[in-house]
Amino acid sequence: MVKAIINDIPVEVEEGTSILDAARKIQINIPTLCKHPDLTASAACGICIVKVKNSKKLLRSCCTPIEEGMNIVTHDPEIVETRRTVVELILSNHPDDCLTCGRNNNCELQTLAANFGIRSENFHKFVRDIPKDKSTGSIMLEPTKCIKCGRCVEVCQQMQDVWALSFLQRGFHTRIAPAGDIKLNDSPCVKCGQCSAHCPTGAIFEQDDTVKVWQALQDPEKYCVVQIAPAVRVAIGEAFGFKPGTNLTRKLYALLRRLGFDAVFDTNFGADVTIMEEASEFVERFVHKKGALPLITTCCPSWVDFMEKFHPDMIEHFSSCKSPHEIVGVLSKTYYAQEKKLDPRQIVMVSIMPCTAKKYELTRTDEMFASGQQDVDYAITTRELARMIKQAGLDFAHFPEEDPDHLLGDYTGAGVIFGATGGVMEAALRTAYYLVTEKQLPKVEFQNVRGLKGVKETSITIDNAKINIAVAHGLANVEYVLNKIRQAKKNGEPPPYHFIEVMACPGGCIGGGGQPYGVTDEIRMLRAEGIYQDDDAKKLRCSHDNPYVQKLYNEFLGKPLGKRSHELLHTEYKARPVYRK
C-alpha cells in the first residue's frame, strides 16, 4: 500500500494505482477525455493534469502511478485554466454542428465544454473537410469529429483484435480510418460497434434506421411486429434514469404497443428455439459422432464475420443454427402469418438489439430470406429505441406492465440468459442434459461459465460422459481457444473442448456496441445480474419446457434438425476475404 495526500486529504491505495483512480476513491473527480475504464491510459488529451509538490511539471494523472508521500493538487486556478485551454484547442479542430450530431446531449466533449463555461472561440478554427464513411450500413465514421483520443483504435486493435481502424497521417492532418485509407466495409471490420461504444464524441456512431421504422408504423398497409433482445430490457432504462440492470421487460411490451406495433414478440422465444436446434446439434456430434467437435455457437454476427474472415478453418465446427432474432423473424413471416392468416408480404419485422452488427446480419446470406421475404426488415439498437421513446413523448417510468403476444413471445429462463457471456452455453447444457438423459437437471445453474473473465474453461458430466467447455468474450480472447483446437489437431489428439461459446463484445450482448453509452465492467455486471434474476424468477428455466416451443414443433416444424427446421432455421458459412478489392 502507498500513502499520499490529495488536496490535503490523506489517501492510502495499492501500489501502482494511478493518481486519477486514487482521487476518485476520495470522491475527487479529475476530468478526462481520452481515458476509459476498459482501456489502458494513453494520456492523449492532457486534460487530467495535476500538480505534485516540489515538482515543476504538470503530470497527467491517468497514467502517473501514485507514489509514497506524494502531495497532490488536482484543482487550482492555473490547472483549471490550462484544462480550459486544452478543451478550447480541441474545439478549434472540431465542427460546431452539435444540434445535428448523433451524440448531441450525450457527448463527453460537449459536457466538458459546458463544465468549463466555454462561450467563445479563442483560437483560429481549423476543421478539415473529410467525407463520412457510411459503407458498412451498420456504423458510420465521421472523421471531422475525431479528437484523436485513440480509444477506437485501441478497442479495435487490442480488445477486439480486428485491426480495422488506425491513425493515418500526422500532426493537424491526423485522422482515423482503415489502414490503406480504404472504406470501412472493405476493411477487416466486423461491425461489432465497440469503437462507437467507446468513442467520446460523434466520430463513430450507429446508422440510424428509426425514420424507416416510423414510416412503416405509419403505413396502413403494413402489419408491424417487433421483438426485443434479452440484453435490451436490462439496459434501456439507463436512458431514462433507471439503475443499470433494472428489468423493464413488461413495461417494454406495453410501450411498444403504444408506439404502434401490431404484435410484440420476444427474442428470448427465438433463443429457446435456438437451443432446441443447437443442443440437438451438440448431441448429434457428441453422442452420435455425426460431425466435428468441438461445436461452436453462432448467435453473434460479429463473431461469425470474424470467423469467416480470420478463421475459416473453423467453419466445420460452427453450429449452422441462425441467431435468435433471425429465427423469430422467419417464424413471424411463416408460422405466425399462417396462424393469423396474414399476408407475409405485409408483415414488417423490427428487431430491437444491443448490437450494431445485427444490421449487417439482416442480409448476410440468402438464408436470411428463408420466408420468401427478408425475414427481419430493420434492426435498431437500444440507443435508437431510446430516441424513438423520447420522440413519441412517452413517460416510460409510469407505463403499465403487459404480456407479449404469446405465440412468439413467451420464454424460459434459458432464453433470457443469452444476453450475458456464458448464457448460450448454460442454456444449451440445460437442454443437452435432458436430450441425453431424458431427465431434468436437479440444479440448472452453471456458475463456472458466468462472470467477466475473458476465457472461462470448465467441464461437466452428463450420463457419465465428461464434457469440456470454453466460453470466450471479446474477440481478442478467442485466439487462445482456437489455437488449442489447432494444436490438438496437429498432434492427433482429442479436441481440448467439446462445446465453445463465443461473443464478440466484452460481457456478451449486455456490453453490445448498440447499448447505452458509458459502459464499464461494473455496469456490465449489473446488467448481467438483472438477466440472471429474470432467469431465477421463471417457473420454466429450460428451453425444452417452453409450451409454445413445443407447440411450434408439434404443429409446424416437426422436430429439431428436421427438414423444415433446416430450411427455416439454419444457415451456411464461407471463407470471406479480410480486405475487399
Side-chain angles (χ1 to χ4, degrees), residues 137-138 191 193 206-233 235-236 239 248-249 251-271 301 322-337 340 342-364 368-392 394 396 399 402 404-405 407-409 411 419 509 512-515:
S138 298
K191 283 75 74 175
E206 74 279 1
Q207 176 178 292
D208 193 310
D209 292 312
T210 57
V211 171
K212 296 175 183 177
V213 175
W214 281 122
Q215 289 171 343
L217 288 169
Q218 294 162 2
D219 187 341
E221 299 298 317
K222 300 298 183 184
Y223 186 90
C224 294
V225 299
V226 65
Q227 59 176 307
I228 56 171
V232 172
R233 70 203 66 219
I236 183 67
L248 298 169
T249 303
K251 283 183 180 291
L252 273 172
Y253 295 153
L255 183 142
L256 291 167
R257 289 194 179 96
R258 188 75 66 86
L259 284 178
F261 287 99
D262 298 291
V264 179
F265 304 142
D266 203 307
T267 311
N268 295 351
F269 175 87
K322 291 180 181 176
S323 68
H325 92 118
E326 284 291 343
I327 285 177
V328 174
V330 71
L331 292 177
S332 72
K333 296 187 180 184
T334 53
Y335 175 57
Y336 182 80
K340 298 296 182 181
L342 296 169
D343 183 349
R345 293 171 296 182
Q346 292 182 302
I347 295 177
V348 175
M349 164 55 76
V350 178
S351 294
I352 301 170
M353 297 284 118
C355 174
T356 52
K358 292 294 182 184
K359 295 175 183 286
Y360 149 76
E361 188 182 22
L362 304 186
T363 56
R364 189 184 72 84
M368 307 305 152
F369 298 78
S371 64
Q373 325 295 320
Q374 184 171 314
D375 298 331
V376 178
D377 296 280
Y378 305 111
I380 63 172
T381 62
T382 310
R383 297 195 291 261
E384 288 170 271
L385 175 62
R387 291 198 287 271
M388 289 187 70
I389 295 170
K390 293 173 182 177
Q391 289 163 17
L394 300 177
F396 193 11
F399 254 68
E402 295 182 3
D405 288 83
L407 207 58
L408 299 177
Y411 63 91
C509 299
Q515 293 279 65

Just verifying a value: how many Å separate K333 NZ and L342 CG, rounded to the nearest 0.5 Å? 12.0 Å
Are C355 and P301 close enough that some pair of their side-chain heavy atoms sits under 4.5 Å apart? yes
Identify the heavy atoms of A392 and L259 that sit nearest to each other, and give their distance. CB-CD2, 3.7 Å
Measuring from atom CZ of R258 to atom CG of L252, what distance do you get when rounded to the nearest 0.5 angstrom? 13.5 Å
Between Q515 and T382: side-chain donor-acceptor atoms closer than 3.5 Å: yes
Roughly how far, to the nearest 0.5 Å, is the CG atom of L385 from the CD1 atom of I352? 4.5 Å
Sub-4.5 Å side-chain heavy-atom contact between L255 and F396: yes
Sequence neighbours left out, what passes side chain to side chain donor-acceptor pair (under 3.5 Å) with K359? Give chain and number order. D209, E384
How far apart are the C-alpha atoms of F399 and L248, what are their side-chain angles, what is the distance that settles it, and do they pass the side-chain contact (heavy atoms from CB on, under 4.5 Å) test? CA-CA 10 Å; F399 254 68; L248 298 169; over 6 Å; no
Below 4.5 Å, heavy atoms only, C-beta onward: do I228 and L256 meet side chain to side chain? yes
Of all heavy-atom pairs between A271 and P324, which one has the smallest distance, and what is that distance? N-CB, 3.4 Å
Under the 6.0 Å and 45° cation-pi test, does K191 pair with Y360? yes
Side chains of Q227 and S351: do they bring a donor and an acceptor to under 3.5 Å? yes
Heavy-atom side-chain contact between V376 and M368 under 4.5 Å: no
Closer than 3.5 angstrom, by distance alone: can the side chain of D262 be matched with the main-chain N or O of V225 as a donor-acceptor pair? no
Please lay out, stage by stage, how V348 and Q374 fare under the test side-chain contact (heavy atoms from CB on, under 4.5 Å). CA-CA 9 Å; V348 175; Q374 184 171 314; over 6 Å; no
Pairwise side-chain contact, V226 with F265, heavy-atom cut-off 4.5 Å (strictly under): no
So, for H325 and M353, which heavy atoms are closest and what is the spacing to 0.1 Å? CB-CE, 3.5 Å
Do V350 and D377 have side chains that approach each other closer than 4.5 Å (heavy atoms only, starting at C-beta)? no
Show your working on side-chain contact (heavy atoms from CB on, under 4.5 Å) between F369 and T363 and close with a plain yes or no. CA-CA 8 Å; F369 298 78; T363 56; 3.9 Å; yes
Can you check whether P230 reaches T267 side chain to side chain, under 4.5 Å on heavy atoms? yes
Taking C-beta and beyond as the side chain, do M349 and Y378 meet within less than 4.5 Å on heavy atoms? no
Do E361 and S323 have side-chain N/O donor and acceptor atoms under 3.5 Å apart? yes
Starting at CZ of R345, measure out to OG of S371 and round the result to the nearest 0.5 Å. 12.0 Å
Nearest 0.5 angstrom please: E206 CD to I380 CD1, how far? 10.0 Å
Heavy-atom closest pair, residues Y253 and P404: CE1-CD, 3.3 Å
Start with the C-alpha distance between K322 and D375, add both sets of side-chain angles, then the distance that settles salt bridge (Lys or Arg N to Asp or Glu O under 4.0 Å), and finish with yes or no. CA-CA 12 Å; K322 291 180 181 176; D375 298 331; 3.6 Å; yes
Determine whether D266 and R233 satisfy the following criterion, salt bridge (Lys or Arg N to Asp or Glu O under 4.0 Å), listing intermediate values before the conclusion. CA-CA 10 Å; D266 203 307; R233 70 203 66 219; 2.7 Å; yes
Passes side-chain contact (heavy atoms from CB on, under 4.5 Å), V330 versus Y335? Steps please. CA-CA 8 Å; V330 71; Y335 175 57; over 6 Å; no
salt_bridge(R383, D208) N-O dist < 4.0 Å: no
Closest non-hydrogen atom pair, L408 against V328: CD1-O, 4.3 Å
What is the minimum heavy-atom distance between Y336 and A263, and which atoms define it? OH-CB, 3.5 Å
Scan side-chain atoms only and decide if Y223 and D343 contain a donor-acceptor pair under the 3.5 Å cut-off. no
Derivation of the salt bridge (Lys or Arg N to Asp or Glu O under 4.0 Å) call for R257 and D405: CA-CA 11 Å; R257 289 194 179 96; D405 288 83; 3.1 Å; yes
